2 protein chains.
Amino acid sequence: MTKKPITKNIDHFFRGAFSVDIVLITFHNQSLKLLLQKKKDLPIKEEWGLPGNLIDPNEDTNSAIDNLLLSLIGRNDIYKKQLRTFSELNRHPLGRIITFAYYGLIAFEEVKHINSPDLKWIPIKNPPSLSLDHNHILKEVFKRFQKGLLRHPNVFHLLPQKFILSDIISIYEQSFNQKMDLPNFRKLILKSGLVEPLGENNKGDKSFGRPAELFRYVKSEDKRKLKDKINFRFYA
Amino acid sequence: MTKKPITKNIDHFFRGAFSVDIVLITFHNQSLKLLLQKKKDLPIKEEWGLPGNLIDPNEDTNSAIDNLLLSLIGRNDIYKKQLRTFSELNRHPLGRIITFAYYGLIAFEEVKHINSPDLKWIPIKNPPSLSLDHNHILKEVFKRFQKGLLRHPNVFHLLPQKFILSDIISIYEQSFNQKMDLPNFRKLILKSGLVEPLGENNKGDKSFGRPAELFRYVKSEDKRKLKDKINFRFYA
DNA sequence: TTAACTTAGTGTACAAGTTACACTTAATTT
DNA sequence: AAATTAAGTGTAACTTGTACACTAAGTTAA
């Protein structure tokens, strides 16, 4: 059998570049926050955008995102997930640049020092208009963030080691812009076996109202997904 | 303000190519089937693989998948969805080729004529070993197919206009490799309002047992997702 | 110092959904 | 005509979800 020439396919190769962009989310002061970077070294007007970086031709996306995180927040051992690719032909003025969008979650404690003129935590509600197609990317990624909250115990990545139950509720209420019934929510969370009371309370930390018990997250032996343990009735 | 040179970024541009690959699924004879193509014009040994095509540099993925479907089954107006991108550095012997994986669903009626030495419907259980990383792609895409079945009324894309309820059950049982309780399943489906009895039965079509009622799919005015109407208790 | 307020946490009764399985019906096969 | 097969109905026991009233423990303000 004679091998066919493969030059037919070669026509389809062309010059392109890849980047990783991250939607990094944290929770502070009853409010979800997003890390934004001021973009100025691109041939576009100075604007805020999602932190990102171009990928080296022989680098894979995982090491690219690790390097990006290291340069942004000084660590890369946080919860992160690759979502979809944005590949529209004219999304970038420099040429065909395909971006891999990630999202990451981190407790505010770990990143509260980050606050410079070019890198800021911005409330995720009503973010400023972003550069390129980053508004679009943010919107899509936020939807995936929501889904993640419903299916996996991702809230805990946004909380400190010791947390109170109403912070969990607050994150869900904010993420879905919907009020929840606190008594019933407590029962669900407690029954799920995902949290364990520590026998301490947060008396010192707050101004009024009854002090709240502190809890910690327990990784469950139980392999069912969050949605099978806790039935959130406000699927987005 | 002086504009910075942008040459710094140009280093990251390199030669690459894109392709679309499709996992096309149908249902026939109580069995889920997958469309596979014999690969021979690649510098790899003759093997079965997912149907796919390289993308023209100025073509977007949607038109690429439409053209692919047209050449495979003669039409492109079927249910299809873009899933993730496979971009590992050495996934293809011809160079850095990034593939956009799609899946599509179609009723067997529409594609029963397809059967040539190079293009066949193969039972999705125990498929042959596929070329390149197509085993991996298939596995990932199949998971998404499963999720789609739980969240959206996708079964109906696999069924003819007139169908019987036990075909729906059969597709779910096969997809999740799990036996379901027929009486309870009927109640769920009927209550969902997704199907409507036609007042006909399938007496002619079968060998024994009581003839089954024929139903048709009714697009629901109700915007809730399938999972909120029907709670499948075998989440994968 | 005490009444009002604020947030945390418990209890409960009712409604709704899930599950298991017995039973009936309508056909074919032997 | 009895056995077999598959479709379809009914229901009782159980599990979950929902809506709130109520109790508890602190702070604020008169």
Side-chain angles (χ1 to χ4, degrees), chain A residues 29-30 150 159 162-174 176 178-216 222 224-235, chain B residues 29-30 150 159 162-174 176 178-216 222 224-235:
Chain A
N29 260 340
Q30 310 291 76
L150 297 175
L159 294 170
K162 300 178 178 191
F163 52 82
I164 62 174
L165 294 190
S166 55
D167 276 344
I168 302 185
I169 299 178
S170 176
I171 290 175
Y172 278 88
E173 289 187 336
Q174 278 221 20
F176 297 98
Q178 190 150 341
K179 196 79 187 144
M180 296 186 68
D181 182 89
L182 201 134
N184 292 330
F185 187 92
R186 283 184 67 86
K187 277 174 273 178
L188 287 176
I189 294 285
L190 291 172
K191 197 181 54 163
S192 75
L194 291 167
V195 300
E196 191 178 73
L198 291 167
E200 310 169 41
N201 68 33
N202 69 345
K203 184 146 58 169
D205 309 355
K206 56 200 305 283
S207 45
F208 26 76
R210 174 177 174 171
E213 284 180 274
L214 291 169
F215 287 80
R216 73 178 190 92
D222 180 342
R224 283 173 307 147
K225 296 241 174 86
L226 186 64
K227 65 174 182 300
D228 293 321
K229 302 185 185 177
I230 302 177
N231 197 353
F232 298 107
R233 285 284 154 173
F234 48 76
Y235 296 103
Chain B
N29 259 339
Q30 310 289 77
L150 297 175
L159 294 170
K162 299 178 178 189
F163 53 81
I164 63 176
L165 294 189
S166 55
D167 276 343
I168 302 185
I169 299 178
S170 176
I171 290 175
Y172 278 88
E173 288 187 337
Q174 279 222 18
F176 296 98
Q178 190 149 341
K179 195 78 187 144
M180 296 186 70
D181 183 88
L182 202 133
N184 291 330
F185 187 91
R186 284 183 67 86
K187 276 173 275 178
L188 287 177
I189 293 285
L190 291 173
K191 198 181 53 161
S192 76
L194 292 167
V195 300
E196 189 178 73
L198 292 167
E200 308 168 42
N201 67 34
N202 68 346
K203 183 144 63 170
D205 309 355
K206 58 198 305 280
S207 45
F208 28 75
R210 173 176 176 173
E213 285 181 273
L214 290 168
F215 287 80
R216 74 180 191 89
D222 180 342
R224 283 173 306 148
K225 297 241 174 86
L226 186 65
K227 64 174 183 298
D228 292 321
K229 301 185 185 178
I230 301 177
N231 196 353
F232 297 106
R233 282 286 154 168
F234 48 76
Y235 295 104

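Quick caveat, the model's predicted, so the values are computed rather than measured. Sequence lines set the chain letters: A, B, ... in the order given, protein chains first and strands last, and positions in each chain run from 1.
End-to-end axis angle for the helix from dT1(C)-dA30(D) to dT30(C)-dA1(D), using five pairs per end and rounding to 10°, comes out at 10°.
The separation between Ile169(A) atom CD1 and dT7(C) atom C1' is 11 Å, rounded to whole Å. Taking atom CD1 of Ile164(A) as the reference point, atom C1' of dT6(C) lies 13 Å away to the nearest angstrom. Rounded to whole Å, the distance from CG on Leu165(A) to P on dG9(C) is 6 Å. Here the C1' atom of nucleotide dA7(D) and the CG atom of Leu214(B) are 12 Å apart, to the nearest Å. Atom CZ in Arg186(A) sits roughly 13 Å away from atom C1' in dG11(C) (whole-Å rounding). If you take CD1 of Ile189(A) and P of dT10(C), they are 14 Å apart, rounded to a whole angstrom. Atom CG of Asn202(B) and atom P of dT28(C) are 11 Å apart (whole Å). What separates CZ of Phe185(B) from C1' of dA6(D) is a distance of 16 Å, to the nearest Å.
The distance from the CD1 atom of Ile169(A) to the CG atom of Leu182(A) is 3.5 Å, given to the nearest 0.5 Å.
Closest to the side chain of Ala212(B), from the set dT7(C), dA7(D), dT5(D), is dA7(D). Checked against dT6(C), dG8(D), dG9(C), the side chain of Leu182(A) finds its nearest nucleotide in dG9(C).
Scored by the side-chain contact (heavy atoms from CB on, under 4.5 Å) test, Ser170(A) finds Phe27(A), Gln30(A) as partners (sequence neighbours excluded). Not counting sequence neighbours, Lys187(B) has no partner by the salt bridge (charged side-chain N to carboxylate O under 4.0 Å, His left out) test. Contacts of Phe215(B) classified as ring-ring contact (aromatic ring centres under 6.0 Å, His included), with partners at least two apart in sequence or in another chain: none. Residues forming a side-chain contact (heavy atoms from CB on, under 4.5 Å) with Leu198(A) (at least two apart in sequence, or on another chain): Lys162(A), Glu200(A), Leu214(A), Arg216(A).
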Anything under 3.5 Å between a protein N or O and an N or O of nucleotides 19-22 of chain D, put it in a table, one pair a line.
unit_1	atom_1	unit_2	atom_2	d
dA19(D)	N7	Asn184(A)	ND2	2.8
dA19(D)	N6	Asn184(A)	OD1	3.0
dA19(D)	N6	Lys187(A)	NZ	3.3

Using a cut-off of under 3.5 Å, enumerate the N/O to N/O pairs linking the protein to nucleotides 24-26 of chain C.
unit_1	atom_1	unit_2	atom_2	d
dT25(C)	O2	Arg210(B)	NH1	3.0
dA26(C)	N3	Arg210(B)	N	3.4

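Contact between Ile164(A) and Ala212(A) at its shortest, heavy atoms only, is CG2-CB, 3.8 Å. A pairwise comparison of heavy atoms in Glu173(B) and Met180(B) identifies OE2-N, 2.8 Å as the closest pair. Nearest approach of Pro197(A) to Glu213(A), heavy atoms of both residues: CB-OE2, 3.9 Å.
Map Asn201(B) and Leu190(A) each onto its nearest nucleotide of DNA chain C; the residue landing nearer the 5' end is Leu190(A).
Here the side chains of Phe176(B) and Leu150(B) are in contact, with some heavy-atom distance below 4.5 Å. In this structure the side chain of Leu165(A) reaches within 4.5 angstrom of the side chain of Leu190(A), judged on heavy atoms. Considering only heavy atoms from C-beta on, Asp181(A) stays 4.5 Å or farther from Phe185(A) through its side chain.
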